Novice: 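I am attaching a structure below and will ask some questions about it afterwards.
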There are 2 protein chains.
Amino acid sequence: MKQKSVDTVEFAKAIADETRQKIMAICCCELLSVNDIVEKTNVAQPTVSHHLKILKTAGLVRSERRGKQVLYTLNQERMAEGCCQVAENFAPEHPVERMG
Amino acid sequence: MKQKSVDTVEFAKAIADETRQKIMAICCCELLSVNDIVEKTNVAQPTVSHHLKILKTAGLVRSERRGKQVLYTLNQERMAEGCCQVAENFAPEHPVERMG
DNA sequence: TTGACATATTGAAGAACATCGATATAATAT
DNA sequence: ATATTATATCGATGTTCTTCAATATGTCAA
């Protein structure tokens, strides 16, 4: 049962921005609209949409439309996969494993 | 016993480059000179030095001079810490733990 | 179908970054 | 001291990225 492989460069690039990590933290355990995120981050709406697109393309957020809004949430599963793959590649002698 | 905290933005930025990940992979389990890395990557020497400096600043490689050479090796400990911190921040419901 | 609201896309400007040739610094041997 | 080898720094160039105003698209209500 081989895991679907993760492109660790794409993964790292996707999370390598302060604004993006702010967004990720905010919608980590919640389903938030773009406007919610705009308000909580004090970042312009096009900027938020841009970052959400990058995260989406990397598979790190899920989105669903509800009426006029589009709700986003962090894909923790993918985050964990990315982290584990990085650790597997670059810390093979300091094992890190997913639990549960 | 709180772990020394990791700046996940700095960590992600440090590993968010293809050439850097090539270098990291190459000196993951070996102590290599800059020239060794140059030869194994087909990247110009100043470029390699530049990337090594970024990794060093982020605490992700260790270096020691041996004669004229400077030997580098990936700091797996720090890599594991970085990965775990990212997972802790962004995948709290999909636990990832360091072993051993 | 018009208006109001929510999000996405476009386009432009500036910042940050990767790359490498040229050169400087460091270490060693003769 | 000088030459040789190894690495680091400098400086310039082109690329990628972030940001946001303006605008387009999508959704729904009246």
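Lettering of chains follows the sequences in order, A, B, ..., and the numbering in each one begins at 1. Computed from a predicted model, the values in this text were never measured in an experiment.
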Novice: Does B/Gln76 reach the main-chain N or O of A/Glu93 with its side chain, forming a donor-acceptor pair under 3.5 Å?
Specialist: yes
Novice: Kindly say if A/Ser49 contacts the phosphate of C/dT9, meaning a side-chain N or O under 4.0 Å from OP1 or OP2.
Specialist: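 For A/Ser49, the contact criterion (side-chain N or O under 4.0 Å from OP1 or OP2 of C/dT9) is not met.
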Novice: Would you call B/Glu64-B/Arg66 a salt bridge at under 4.0 Å N-O?
Specialist: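 Salt bridge present between B/Glu64 and B/Arg66.
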Novice: Please state how far atom CG in A/Asp17 lies from atom P in C/dA15, giving the value in whole angstrom units.
Specialist: 16 Å
Novice: Looking across every strand, which nucleic acid part, if any, lies under 4.0 Å from A/His50 by heavy atom: base, sugar-phosphate, or nothing?
Specialist: base
Novice: For a quick check of understanding: with a heavy-atom distance under 4.0 Å over all strands, which category does A/Leu71 fall into, base, sugar-phosphate or nothing?
Specialist: nothing
Novice: Return the CD1 to CG distance between B/Ile54 and B/Leu60, rounded to the nearest 0.5 Å.
Specialist: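 Answer for the CD1-CG pair, B/Ile54 versus B/Leu60, is 11.0 Å.
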Novice: Counting only distance, no hydrogens or angles, is the base of D/dA8 paired donor-acceptor with the side chain of B/Gln45 under 3.5 Å?
Specialist: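 Side chain to base: pair present.
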Novice: So, is A/Arg65 close to the C/dA6 phosphate, meaning a side-chain N or O under 4.0 Å from OP1 or OP2?
Specialist: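 Looking at the OP1 and OP2 atoms of C/dA6, neither is under 4.0 Å from any side-chain N or O of A/Arg65.
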Novice: Whole Å only: how far is the CD atom of A/Gln69 from the P atom of C/dA8?
Specialist: 11 Å
Novice: Quick one: is A/Thr47 getting a side-chain N or O under 4.0 Å of the D/dT19 phosphate, OP1 or OP2?
Specialist: no
Novice: Among side-chain atoms of A/Asn35 and A/Glu39, is any donor-acceptor pair under 3.5 angstrom?
Specialist: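 No, no side-chain donor-acceptor contact under 3.5 Å.
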Novice: Within this structure, what is the CD-to-P distance between A/Glu64 and C/dA6, rounded to whole angstrom?
Specialist: 18 Å
Novice: Heavy atoms under 4.0 Å, any strand shown: does A/Arg66 hit a base, just sugar-phosphate, or nothing?
Specialist: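 Nothing, no heavy atom under 4.0 Å.
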Novice: Tell me, which of residues 33-44 of chain B have any heavy atom that sits under 4.0 Å from an atom in DNA chain D?
Specialist: B/Ser33, B/Val34, B/Asn35
Novice: Output yes when at least one side-chain N/O atom of B/His51 is less than 4.0 Å from OP1 or OP2 of C/dT19, else no.
Specialist: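 Yes, B/His51 has a side-chain N/O under 4.0 Å of OP1/OP2 on C/dT19.
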Novice: Are OP1 or OP2 of C/dT9 and a side-chain N or O of A/Lys53 less than 4.0 angstrom apart?
Specialist: yes
Novice: For A/Gly67 and A/Lys13, take the nucleotide of DNA chain D holding the closest heavy atom to each; which residue's nucleotide lies nearer the 5' end?
Specialist: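 That would be A/Lys13.
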Novice: Roughly how far, to the nearest 0.5 Å, is CD of A/Gln21 from CE of A/Met24?
Specialist: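 One gets 5.5 Å once the value is rounded to the nearest 0.5 Å.
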Novice: Select one nucleotide: of D/dT7, D/dT18, C/dA6, the one nearest the side-chain heavy atoms of A/Ile54.
Specialist: D/dT18
Novice: Phosphate oxygens OP1/OP2 of D/dT4: is one of them under 4.0 Å from a side-chain N or O of B/Lys68?
Specialist: no
Novice: Rounding to an integer number of Å, can you tell me how far B/Leu55 CG sits from C/dA18 P?
Specialist: 10 Å
Novice: Between A/Tyr72 and C/dA8, is there a side-chain N or O to OP1/OP2 distance below 4.0 Å?
Specialist: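 Yes, within the criterion.
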Novice: State whether the number of non-hydrogen atoms from other residues, nucleotides or ligands found under 6.0 Å of A/Glu97 atom CD is greater than 12.
Specialist: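 12 or below, so no.
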Novice: Identify whether the distance between the nearest side-chain nitrogen and carboxylate oxygen of B/Glu77 and B/Arg98 falls below 4.0 Å.
Specialist: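 B/Arg98 and B/Glu77: salt-bridged.
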